[in-house]
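The block underneath contains the structure these notes are about, expressed in structure tokens.
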Amino acid sequence: MNQSERQVQTNIALGVLGGAAVLYSLLKTASWKRRIATPIIDIQTVVKFLLFYAGDLANVFFVVTVGTGIYWLIFFKGSQLASVVLPSGSEETVFITYVGCAFGLKALQFLHKLISQLTVDLFFIDWERPKGKVLKSIEGGGDIKSAPTPVSIWRTYFVANEWNEIQTVRKINPLFQIFAVLFFLEVVGLSNLAIMTPSANVTASFDSTLTPQSRIVRYGVTTAVWLVLGLIQIIFFSFFYERFVEDQIRQFVDLCSMSNISVFILSDRCFGYYIHGRSVHGHADTNMEEMNANLKREGENLCGQRGLLPNTDVQTFQIAITSKLRQQYDRIHESLVRRSGPARLLTSSGNTFEQSSKAYHTMNKFLSSVIDHAHREMDYIVKDKLLFERILDMEFMEPMDRSIFYNDEGHSFSEVLYYGNEPTLLIFDMLFFSLVDVATQNAVLAAVITYLQQQFFEMIRKAVGKKNLASKTLVDERFLI
């Protein structure tokens, strides 16, 4: 196969897969339009389509470049024939251009997801109710009246801190990934497979150090090692570590139940997630003895189940809400965030704090009453998603009169966290590492720069996510550790 034939086949692959990416992006855009409950096609719709298409087109370039790199790795190193010639310098230049396009488009998709996560709306619904009444003196007079016992805010602060901690949790260990890739490339010597000789020897020799390396084959080796190690990590953490050691996502759901706190999340205007954390024991603000007794009763099935519906265990849902419910949510939320921010509790005036506190309790009461079916005009139904709805990640039914809560045992609320976007993060890190490695021919330098890149974006995700969490939930930022 000569150079022109290879280029034609590559262009055909890009064209066919690129066309499929257009259709898939249109499907994503249609799903997004339904989730924001706006049928009008405007500039925002076009921009959203282009962002979706950037991510899908990045996957197209990724598949073509990785396939090409691994093809030449196997074909050239496995032939043992001197007649097999690697692509020329001009072909390598075109190939590196494709890799650059894959990285640039994947970076755009990554930033899009990052900004979406940093602007998500969420609220912690506290189901705890006063256990009794206390006597309080009225300011400005000597009268004494009874008032409900204050409900502790510490449970909400605790759940908020746990949410803040899991925002950057990933399905793999990124630091181990970098060190493992570096070990196989430099210590084991797999990077020597990129030398432009038919020999598949991974041991470096004096002659091999003088022989130039093929950038296409080096990219194929690097991406193959990265993908295999990433897949091994995902399998290990999914089927072993999270089952027998620690699963922070499921633990967060359990914590919500023990704290009597539900989480209401809106990733789009009329779409989001709901974690039902209402305690089956009625109260969570108890002492150690009562807490242990409650856990024992639950372990012996002497109380109700944790699910939203009676006799069910499903606590996590995808929700498609009506525009009426969203409008009411926005009206309350505007008064909740009217002041300059929850971190200024000491400097804000008493009147402003009282208004914000009132807005918080109003939101808490409103959302809890919606969950309890107290508003007939904003009621909801619970159902399972159809098979094609789950496959396409969209909803065929539009919530007109009633919101729809879809059972979601897969905990897809993690999509507003790093955890639910591991494929995007894994490919972005791999393309970043590979591009630096191919450009510098130095895997150690690529590993260091990739680590610094990961830490930079993780720092941004934590800092801005923390501020968004404080502003949307009225949790004082000083209590977010």
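Given the structure is predicted, the values throughout are model-derived calculations rather than measurements.
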Quiz: residues 288-295 side-chain donor-acceptor pairs under 3.5 angstrom, not counting sequence neighbours:
residue : atom : partner : partner atom : Å
Asn292  : ND2  : Met288  : O            : 3.3
Asn294  : ND2  : Glu290  : O            : 3.3

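- Between Arg269 and Asp121 there is no salt bridge, since no side-chain nitrogen of the basic residue lies less than 4.0 Å from a carboxylate oxygen of the acidic one.
- Here Asp379 does not pair with Arg402 in a salt bridge; the nearest charged N to carboxylate O distance is not below 4.0 Å.
- Residues Phe271 and Tyr273 bring their aromatic ring centres within 6.0 Å.
- Counted within 6.0 Å of NZ on Lys33, heavy atoms from surrounding residues, nucleotides or ligands total more than 12; the atom is thus considered enclosed.
- Within 6.0 Å of the CD1 atom in Ile40, the count of heavy atoms belonging to other residues, nucleotides or ligands does not exceed 12.
- Heavy-atom neighbours of Asp42 CG from other residues, nucleotides or ligands within 6.0 Å: above the threshold of 12.
- Here the CD atom belonging to Glu389 is positioned 11.0 Å from the CD1 atom belonging to Ile391, to the nearest 0.5 angstrom.
- Note: Phe264 and Phe124 fail the aromatic proximity criterion, with ring centroids not under 6.0 Å apart.
- Outside the 6.0 Å centre-distance limit, the rings of Trp32 and Phe49 are not counted as a close aromatic pair.
- With a 6.0 Å radius and a threshold of 12 heavy atoms from other residues, nucleotides or ligands, Glu409 has its CD atom at or below the threshold.
- Atom CG in Asn161 sits 11.5 Å away from atom CD1 in Ile166 (nearest 0.5 Å).
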ask   = Trp163 and Leu122: side-chain contact (heavy atoms from CB on, under 4.5 Å), yes or no, with the steps?
value = CA-CA 11 Å; Trp163 178 267; Leu122 74 160; 3.6 Å; yes
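- Between Asp247 and Lys171 no salt bridge is recorded (no basic side-chain N to carboxylate O distance below 4.0 Å).
- Within 6.0 Å of atom CZ in Phe179, 12 or fewer heavy atoms from other residues, nucleotides or ligands are found, so the atom counts as exposed in its surroundings.
- Residue-environment remark: CE (Met397) stays at or below the threshold of 12 foreign heavy atoms within 6.0 Å.
- A ring-centre distance under 6.0 Å is found for Phe244 and Phe240.
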task = Show the numbers, then the answer: is there a side-chain contact (heavy atoms from CB on, under 4.5 Å) between Leu431 and Phe62?
result = CA-CA 8 Å; Leu431 288 172; Phe62 165 74; 4.2 Å; yes
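- Relative to the ring axis of Tyr406, Lys383 does not place its NZ or CZ within 45° and under 6.0 Å from the centre.
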task = Please assess Ile371 against Phe405 for the test side-chain contact (heavy atoms from CB on, under 4.5 Å), listing each intermediate value before the final yes or no.
result = CA-CA 10 Å; Ile371 300 300; Phe405 281 40; 4.0 Å; yes
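- Taking CZ of Arg306 as the start and NE2 of His281 as the end, the distance is 7.0 Å to the nearest 0.5 Å.
- With salt bridges taken as basic N to acidic carboxylate O contacts below 4.0 Å, one links Arg170 and Glu422.
- In the displayed structure, Phe176 atom CZ is contacted under 6.0 Å by at most 12 heavy atoms of other residues, nucleotides or ligands.
- Between Ile153 and Phe158 the shortest side-chain heavy-atom distance does not fall below 4.5 Å.
- Between Lys385 and Glu395 there is a salt bridge, since a side-chain N of the basic residue sits under 4.0 Å from a carboxylate O of the acidic one.
- Within a 6.0 Å sphere centred on CZ of Arg129, heavy atoms belonging to other residues, nucleotides or ligands number more than 12.
- Side-chain contact check for Glu415 and Asn421: no donor-acceptor pair (N or O, by modelled atom type) lies under 3.5 Å.
- Between Phe428 and Phe432, the angle of the ring planes lies from 30° to 60°, which puts this pair in the tilted group.
- The line from CZ of Phe413 to CD1 of Ile265 is 6.5 Å long, rounded to the nearest 0.5 Å.
- With sequence neighbours excluded, no residue forms a ring pair (Phe, Tyr, Trp, His ring centres under 6.0 Å) with Phe317.
- Distance check: Glu377 CD to Leu325 CG gives 9.5 Å after rounding to the nearest 0.5 Å.
- Electrostatic pairing of Asp372 and Arg278 counts as a salt bridge here, judged by a charged N lying under 4.0 Å from a carboxylate O.
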